[in-house]
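As structure tokens, the structure follows; a few thoughts come after it.
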Amino acid sequence: MVDGLLQVEGGRPLSGEITVRGAKNLVPKAMVAALLGTTPSVLGNVPLIRDVEVVSGLLTLHGVQVDYDQTAGILRLDPSRVEAAHVADIDAHAGSSRIPILFCGPLLHRLGEAFIPDLGGCRIGDRPIDFHLDILRSFGAVVDKLEAGIRLTAPDGLRGTVIELPYPSVGATEQTLLTAVRADGRTELRGAAVEPEIMDLVDVLQKMGAIISVDTDRIIHIEGVEELAGYRHTALPDRIETASWASAALATGGDVFVHGAHQSHMTTFLNIFRKVGGAFDVRDDGIRFYHPGGDLRSIVVETNVHPGFMTDWQQPLVVALTQADGVSIVHETVYENRFGFTKALCKMGAAIQVYRECLGGTACRFGQRNFYHSAVISGPTPLRGADIVVPDLRGGFSHLIAALAAQGTSRVEGINLIDRGYEHFMSKLGSLDAKVARLA
């Protein structure tokens, strides 16, 4: 049976209003942080997405009581009865998410041991688990690789350490924060990621009683404490989903108001959106994104870590750039394998070529490693409906945007992947007057 099949009648401008709730890149991590507390935590603005379901299941397996009011978007997490889960139960979640690796530090503090299964996630680039394990080892964890996964213990407890990241990795920064806050002594993290979602996680941990200072030049200092309490926190809105709907409005010639969107999280995207020819109005309760008429303009853009142009913004934007006048260049510097989704766009009529060279910007770490990490988009080119298969979460939503912008009928297979990061996306499409029908 086909894993999620959507029929899309394209060529219709998206028009209407939708609401974006908490960030996929923050909410699951804040849920994991609740393990560190001795009292219940309450998290608001929680979206109903697959990653929240996965983490809820893993927390439940470890003895955390999870109560989720889906309508209100409120999670209550009670970790007072945390216990070790059975390996077979945890293994049932293997391949569903990469979040389990972030359980290790909190579980080592609470139980003295942790087990993680093989990890899944989108195949968009190298995300080596050994990088996380090396961080945990530096805190004093003992790592044993087993056939079913990895077992970690901390016979002497976890100790503060100095960690220098070769690249500002979001996952590695999260791992360090979640482990260091209850480690004995001080931890210094150099080369840290400073994305808004990281800063929101710092806010969560500080509310719990952690002592964390974020200095200049990507340096974070953490003073370990013996005990943390629960927190009450409202998650920041999802800036990736916001940008995805904004790009959809631009590509289809539409007009979409995104309730919950915050300008301060979107500054770099908004600049590029305006340069391409899109228009937006910032209001207290959200942002309106629309195509003001006239030709879209080609651009040169390079993805980078925050405060640069976010890698998860480029895939939806590329679809809009197929309708821009001239030659656009996109240089991807965060993930080395992120242009596979362009094959489907070319099948639909786009003129996109990918290159191994660093085009349009400075040389990056992928420049001499044979990865196709630069794209040249010539436009405007009419898009035609086609049968396409979703490759990953963000690429999949970009395929959906292309199908909505294309003339004719498209069949998009594998849309269940989109559920991982886009809450109620089918009902939102309905709210925007899209003509779509789920076939399987």
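Evaluation of the ring pair (Phe, Tyr, Trp, His ring centres under 6.0 Å) rule for H233 yields no partner, not counting sequence neighbours. The side chain to side chain contact (heavy atoms under 4.5 Å, CB included) test applied to A437 returns no partner, not counting sequence neighbours. Remark: Q368 pairs with no residue by the side chain to side chain contact (heavy atoms under 4.5 Å, CB included) rule, at least two apart or across chains.
Rounded to the nearest 0.5 angstrom, T242 OG1 and H262 NE2 are separated by 9.0 Å. In this structure, OH on Y355 lies 10.5 Å from OH on Y372, to the nearest 0.5 angstrom. Rounding to the nearest 0.5 Å gives a distance of 9.5 Å between CG of L236 and CG of D203. Here the CD-OH distance, from Q315 to Y335, works out to 10.5 Å after rounding to the nearest 0.5 Å. Atom CG in D433 sits 10.5 Å away from atom OG1 in T252 (nearest 0.5 Å). Annotation: the span from R288 atom CZ to F280 atom CZ amounts to 12.5 Å, rounded to 0.5 Å.
Around CD of Q70, the count of heavy atoms belonging to other residues, nucleotides or ligands within 6.0 Å exceeds 12. Residue R137 qualifies as enclosed at atom CZ: its count of foreign heavy atoms under 6.0 Å is above 12. Around the CZ atom of R81, the shell of radius 6.0 Å holds no more than 12 heavy atoms that belong to other residues, nucleotides or ligands. Within 6.0 Å of the CZ atom in R283, the count of heavy atoms belonging to other residues, nucleotides or ligands exceeds 12. Crowding of K207 atom NZ: a count of heavy atoms from other residues, nucleotides or ligands under 6.0 Å exceeding 12.
Considering D238, D51, D312 as possible partners of K24, the one that fulfils the salt bridge (Lys or Arg N to Asp or Glu O under 4.0 Å) test is D51. Results of the side chain to side chain contact (heavy atoms under 4.5 Å, CB included) test with L59 over V54, V32, L77, V82 single out L77 as the only residue that passes.
Side-chain contact check for F309 versus L317: some heavy-atom pair is nearer than 4.5 Å.
The closest donor-acceptor contact from the side chain of R110 to the backbone of L35 lies under 3.5 Å. T179 contributes no side-chain N or O that, together with a main-chain N or O of T176, makes up a donor-acceptor pair within less than 3.5 Å. Judged by distance alone, the side chain of K275 and the main-chain N or O of R297 form no donor-acceptor pair under 3.5 Å. Remark: side-chain polar atoms of R411 are not paired, donor with acceptor, to backbone N or O of I388 under 3.5 angstrom.
The shortest heavy-atom contact between L48 and Y68 is N-OH, 3.3 Å. Looking at every heavy atom in both residues, G385 comes nearest to A406 through N-CB, 3.7 Å. Between A192 and P168, the shortest heavy-atom distance links the atoms O-CB, 3.8 Å.
In this model, a donor atom of one side chain and an acceptor atom of the other lie less than 3.5 Å apart for E17 and H259. For R338 and T311, the side-chain atoms include at least one donor-acceptor pair closer than 3.5 Å. If you check the side chains of E332 and T303, you find a donor sitting under 3.5 Å from an acceptor. Defined by atom type and a distance below 3.5 Å, a donor-acceptor pair is missing between the side-chain atoms of R21 and N45. Counting only N and O atoms by type, the side chains of D67 and Q65 include a donor and acceptor under 3.5 Å apart. A side-chain N or O of H132 and one of Q175 form a donor-acceptor pair less than 3.5 Å apart. Under the 3.5 Å distance criterion, with hydrogens and angles disregarded, a donor-acceptor pair is assigned to the side chains of Y422 and R394. In summary, the side chains of T409 and Q7 do not present any donor paired with an acceptor at a separation below 3.5 Å, with no hydrogens or angles considered.
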Show the numbers, then the answer: is there a salt bridge (charged side-chain N to carboxylate O under 4.0 Å, His left out) between K145 and D130?
-> CA-CA 11 Å; K145 295 186 178 182; D130 286 343; 3.1 Å; yes
Tell me, with the steps shown, if F257 and W245 meet ring-ring contact (aromatic ring centres under 6.0 Å, His included).
-> CA-CA 9 Å; F257 184 80; W245 291 114; over 10 Å; no
Should K428 and E241 be marked as a salt bridge (charged side-chain N to carboxylate O under 4.0 Å, His left out) after you check the CA-CA gap, both sets of side-chain angles, and the distance that decides it?
-> CA-CA 12 Å; K428 290 178 182 178; E241 183 179 358; 2.6 Å; yes
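Classified by interplanar angle (parallel below 30°, tilted 30° to 60°, perpendicular above 60°), the ring pair H373/H331 is tilted.
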